[in-house]
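Reading through the structure tokens given below for one structure.
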Amino acid sequence: MTSKPLRPATIAAQALGWTDPATGAVVLPVHTATTFERDPDNQYRRGRSYGRADNPTYDQPEALITALEGGAASLLFASGMAAAAAVFDSLPPGSHVVAPQIMYWALRRRLAASGNEKLAVSFIDATSLDALRTGVQPGRTRLVWIETPANPLWSITDIAGAAEIAHAAGALLAVDSTAATPVLTRPLALGADIVMHSATKYLNGHSDVIAGSLTAARTDEFWERIVAGRSSGGAILGSFEAFLLLRGMRTLYPRVERACRSAQHIAEALSVDPRVLEVLYPGLPSHRGHDVAARQMHGGFGGMLSVRLKGGAEAAIATAARVELWKRATSLGGVESLIEHRASVEGAGSPVPPDLLRLSVGIEDPDDLLADLRQALG
């Protein structure tokens, strides 16, 4: 791009400054080839053999994620769940894993189901370093998995503190940083070993791609197992999806910055609304994890918040039914704002309070979004 150091927002906007050397095109081409020709002596000196492991369309988005996270290497996957599963599947059978009680529900359910079969899983209160310290088993725990801010209560885990505890026990620390994005938090700089994103969310940001990513602090033996597992497992991203993901990441910084400002505005307004029991947003001083979030999140506290209503589950469901601008839909991190009665989605056994609505703030005018919520509250 240039010999001068550049800020992350510039690196993202220019997608590392890539241009096609043959045509001068500033947009990445889509490579649909599934196989690549060998040299006459049966070698692959151009570095590619088969599309499942060597898709050229992956090169630029993986390199951009690596640069934004400050890592050594990144991998794209067919979904965030596929990316997370690749980490756990690369552990030796019988490994002990520590995970948070509050985390993305589908992954929590998967881990709970795998307990006593492939993995031994301990769920702990990840907002407490003392609980984390008690949960690890030195010499047996192979991985500590945290999510911060954690969906859907947006609880905060001290990444640096968790890294210290994990490493002292001989374990790796993996961080689901989907809600924070590299715009707000860089977990590897705080001691994490692996960063995971459901790239479906903020990295892509347009509700038109399902994807996942992993970024490693170093390319060690464990990382090589993940690399091999992606190829052999086949949970790969399509070429066009990789192209769309790169396109989405070019606007990552302005999208996230706008969502953060709007979420802060909406959270502050709803926190004094008499119909609201509690607003869960790390940017509010009343939030239990605010001080830790202020240390490890820079430039904002994210575009996600949850609201608990005084009228209980009935009021929450009715409010979601009355919105006109917000979309009643699952997922988060897109340009459009979404609302969801989360307990209904997660079902029996969910730790989510039944009076809670999860809000994903998009890039619309925040006052329009707030006005719609106020009329929906009734």
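Because only heavy atoms are used, hydrogens play no part in the values below, and waters and symmetry mates are left out as well, while side chains stay in.
Between the side chain of Ser213 and the backbone N or O of Leu75 there is no donor-acceptor pair closer than 3.5 Å. A distance-only check finds a donor-acceptor pair linking the side chain of Thr157 to the backbone of Ala126 [under 3.5 Å]. Side-chain atoms of Ser177 never come within 3.5 Å of backbone atoms of Ala180 as a donor-acceptor pair (strictly under, hydrogens ignored). Under the 3.5 Å distance criterion, the side-chain polar atoms of Thr185 are matched with a main-chain donor or acceptor of Gln296. Judged by distance alone, with hydrogens and angles left aside, the side-chain atoms of Arg225 form a donor-acceptor pair with the main-chain N or O of Ser90 at under 3.5 Å. Although no hydrogens or angles enter the test, the distance criterion places no donor-acceptor pair under 3.5 Å between the side chain of His298 and the main chain of Arg186. Distance alone, capped at 3.5 Å, is enough to place a donor-acceptor pair between the Arg255 side chain and the Tyr202 backbone. With hydrogens and angles disregarded, a donor-acceptor distance shorter than 3.5 Å links the side chain of Thr134 to the backbone of Asp130. His167 contributes a side-chain N or O that, together with a main-chain N or O of Ala163, makes up a donor-acceptor pair within less than 3.5 Å. The closest donor-acceptor contact from the side chain of Thr251 to the backbone of Gly248 lies under 3.5 Å.
A distance of 7.0 Å separates CZ of Phe243 from CG of Leu28, quoted to the nearest 0.5 Å. Atom OG1 of Thr319 and atom CG of Leu309 lie 5.0 Å apart (nearest 0.5 Å). To the nearest 0.5 Å, atoms CE (Met297) and OG1 (Thr148) are separated by 7.0 Å. Atom CG of residue Asp365 and atom NE2 of residue His265 lie 8.0 Å apart, to the nearest 0.5 angstrom. We find the CG-CD1 distance between Leu132 and Ile124 to be 4.5 Å, quoted to the nearest 0.5 Å. Between the CZ atom of Arg342 and the OG atom of Ser350 there is a distance of 8.0 Å, given to the nearest 0.5 Å.
In Glu314, the CD atom is not crowded: 12 or fewer heavy atoms of neighbouring residues, nucleotides or ligands sit closer than 6.0 Å. Within 6.0 Å of the CD1 atom in Ile102, the count of heavy atoms belonging to other residues, nucleotides or ligands exceeds 12. Sparse packing is recorded around CD of Glu164, with 12 or fewer heavy atoms of other residues, nucleotides or ligands lying under 6.0 Å away. Within a 6.0 Å radius of CZ in Phe240, no more than 12 heavy atoms belonging to other residues, nucleotides or ligands are found. Heavy atoms of other residues, nucleotides or ligands lying less than 6.0 angstrom from CZ of Arg230 number more than 12.
In this structure, a donor-acceptor pair under 3.5 Å is present between the side chains of Ser344 and His341. Looking only at atom types and distance, the side chain of Ser207 has a donor-acceptor partner in the side chain of Glu336 under 3.5 Å away. For Arg288 and Ser155, the side-chain atoms include no donor-acceptor pair closer than 3.5 Å. Inspection of the Ser306 and Trp154 side chains reveals an N or O donor paired with an N or O acceptor under 3.5 Å. In summary, the side chains of Thr330 and Glu340 do present a donor paired with an acceptor at a separation below 3.5 Å, with no hydrogens or angles considered.
Minimum interatomic distance between Thr219 and Glu224 (heavy atoms only, all atoms of both residues): CB-OE2, 4.2 Å. Counting all heavy atoms, side chain and backbone alike, Leu357 lies closest to Ala316 at CD2-O, 3.4 Å. What you find for Ser271 and Glu268 is that their closest heavy atoms are OG-O, 2.7 Å. Closest approach of Asp273 and Arg374 over heavy atoms only: OD2-CG, 4.4 Å. The shortest non-hydrogen separation linking Leu64 to Ala12 is CD1-CA, 3.9 Å. Nearest approach of Ala72 to Arg218, heavy atoms of both residues: CB-CA, 3.7 Å.
Using the six-membered ring where Trp is involved, Tyr281 and Phe301 have ring planes that are perpendicular, over 60° apart on the 30 and 60° scheme.
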Worksheet entry | Glu278 and Asp355: CA distance, side-chain angles, deciding distance, side-chain contact (heavy atoms from CB on, under 4.5 Å) verdict | CA-CA 10 Å; Glu278 183 181 17; Asp355 57 10; over 6 Å; no
Item to complete: For side-chain contact (heavy atoms from CB on, under 4.5 Å), just list the numbers for Leu359 and Leu338, CA-CA rounded to whole Å, side-chain angles, deciding distance to a tenth of an Å, and then say yes or no.
Response: CA-CA 6 Å; Leu359 309 180; Leu338 307 179; over 6 Å; no
Practice prompt. Could you walk me through whether Asn55 and Ser239 pass the side-chain contact (heavy atoms from CB on, under 4.5 Å) test, one step at a time?
Written response: CA-CA 7 Å; Asn55 190 330; Ser239 296; 2.9 Å; yes
Item to complete: Please test Val144 against Leu172 for side-chain contact (heavy atoms from CB on, under 4.5 Å), starting from the C-alpha separation and ending with a verdict.
Response: CA-CA 6 Å; Val144 173; Leu172 299 172; over 6 Å; no
Practice prompt. Decide yes or no on salt bridge (Lys or Arg N to Asp or Glu O under 4.0 Å) for Arg295 and Asp158, but give the supporting numbers first.
Written response: CA-CA 9 Å; Arg295 290 202 307 268; Asp158 183 332; 3.1 Å; yes
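Salt-bridge annotation for Arg110 and Asp89: present, with a side-chain N of the basic residue lying under 4.0 Å from a carboxylate O of the acidic one. Taking 4.0 Å as the cut-off between side-chain N and carboxylate O, Arg46 and Asp39 count as a salt-bridged pair.
Both Val227 and Leu143 are members of a single hydrophobic cluster when ILVMFWY side chains are connected at heavy-atom separations under 4.5 Å. Met103 and Ile159 fall into different hydrophobic clusters, where Ile, Leu, Val, Met, Phe, Trp and Tyr are joined by side-chain heavy atoms under 4.5 Å apart, directly or via other members. Residue Phe123 is not grouped with residue Leu153 when hydrophobic side chains (ILVMFWY) are merged at heavy-atom distances under 4.5 angstrom, including chains of intermediate members. Cluster membership for Met196 and Ile226, using ILVMFWY side-chain heavy atoms within less than 4.5 angstrom, is shared. No chain of hydrophobic side-chain contacts below 4.5 Å, direct or via other Ile, Leu, Val, Met, Phe, Trp or Tyr residues, connects Val121 to Val98.
Val97 places none of its side-chain heavy atoms less than 4.5 Å from the side chain of Arg142. Within the 4.5 Å cutoff, side-chain heavy atoms of Glu364 are placed close to those of Ser337. In this structure, the side chains of Leu373 and Leu325 stay at 4.5 Å or more apart for every pair of heavy atoms. Within the 4.5 Å cutoff, side-chain heavy atoms of Leu356 are placed close to those of Pro353. Contact check for Thr66 versus Glu69: no side-chain heavy atoms found under the 4.5 Å cut-off. For the pair Gln60/Leu16, a side-chain contact is recorded, criterion being any heavy-atom separation below 4.5 Å from C-beta on. When side chains are defined from C-beta on, Asn204 does not count as touching Glu241, because their heavy atoms never get closer than 4.5 Å. With contacts defined as side-chain heavy-atom distances shorter than 4.5 Å, the pair Pro8/Val183 does not qualify.
None of Val175, Leu214, Leu173 except one satisfies the side-chain contact (heavy atoms from CB on, under 4.5 Å) rule with Ile194; the exception is Leu214. The salt bridge (charged side-chain N to carboxylate O under 4.0 Å, His left out) with Glu346 is formed by just one residue from the set Arg358, Arg109, Arg108; it is Arg108.
With ring centers used as reference points, Tyr58 lies 6.0 Å or more from His31.
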